[in-house]
Amino acid sequence: MFRKLRRQVYQIWILKIFRSSMSTDLISVDYEIVGRVQGVFFRKYTQAEGKKLGLVGWVQNTEAGTVQGQLQGPRNKVKDMQEWLTTTGSPKSQIIKAEFKNEMKIESLDHSTFKIVRP
């Protein structure tokens with residue numbers, strides 16, 4: 001019960017951020033980051049940056065040594081996060097390539113927060 005209420009409060013907060021943002025279009029995009037991105041707290045920094053921007057989604061390591069995930073939120077905030085994933089990452093990461101695919105406009109969010117998925 002408390003978890004459900006907390007989730008609803010968080011979603012209301014996220015919606016307020018969305019309404020106050022310059023772009024009201026909600027989008028979803030999948031991503032994969034190639035380079036030195038495992039063992040350098042990349043997932044932790046990605047989660048923190050996503051939450052800071054008011055995005056929801058997930059991030060996980062892959063067996064191929066990359067990091068992949070999904071971003072959802074206002075178009076302008078997702079674009080900010082894509083730029084961060086392409087150029088910044090965690091302090092000790094070395095990003096070789098950032099791939100973004102399956103970008104689509106969405107009517108509502110599929111996630112309630114931004115989480116690290118562990119295998």
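Heavy-atom basis, side chains included; hydrogens, waters and symmetry copies ignored. If you read the sequence from its start, that first residue is 1, and numbering goes on from there.
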Nearest heavy atoms of [X] and [Y], plus distance in Å:
X      : Y      : answer
Lys101 : Val29  : O-CG2, 3.5 Å
Ala98  : Thr86  : CB-OG1, 3.6 Å
Arg36  : Lys92  : NH1-O, 3.3 Å
Gly57  : His111 : CA-CD2, 3.7 Å
Gly89  : Phe42  : CA-CE1, 3.5 Å
Gln38  : Thr62  : NE2-O, 2.9 Å

With no hydrogens and no angle check, is any side-chain donor or acceptor of Gln72 less than 3.5 Å from a backbone partner on Asp110?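 Looks like yes, one N/O pair under 3.5 Å.
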
Hey, is the main chain of Gly35 close enough, under 3.5 Å, to the side chain of Gln94 for a donor-acceptor pair?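 No, Gln94 side chain to Gly35 backbone: no donor-acceptor pair under 3.5 Å.
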
Side chain to side chain, [X] and [Y], heavy atoms closer than 4.5 Å:
X     : Y      : value
Tyr45 : Val40  : no
Thr46 : Met81  : yes
Trp58 : Gln68  : yes
Leu85 : Phe100 : yes
Asp80 : Lys77  : yes
Glu49 : Leu55  : no

Hey, any chance [X] and [Y] share a hydrophobic cluster, counting ILVMFWY side chains that come within less than 4.5 Å of each other, even indirectly?
X      : Y     : value
Val59  : Val34 : no
Val117 : Phe41 : no
Ile27  : Leu71 : yes
Ile96  : Ile33 : no

Side chains of Thr66 and Glu32: is there a donor and an acceptor less than 3.5 Å apart?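 Per modelled atom types, Thr66 and Glu32 side chains form a pair under 3.5 Å.
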
Between Glu99 and Lys97, does any side-chain N to carboxylate O distance fall below 4.0 Å?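 Looking at Lys97 together with Glu99, the answer is yes, because their closest N to O distance falls below 4.0 Å.
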
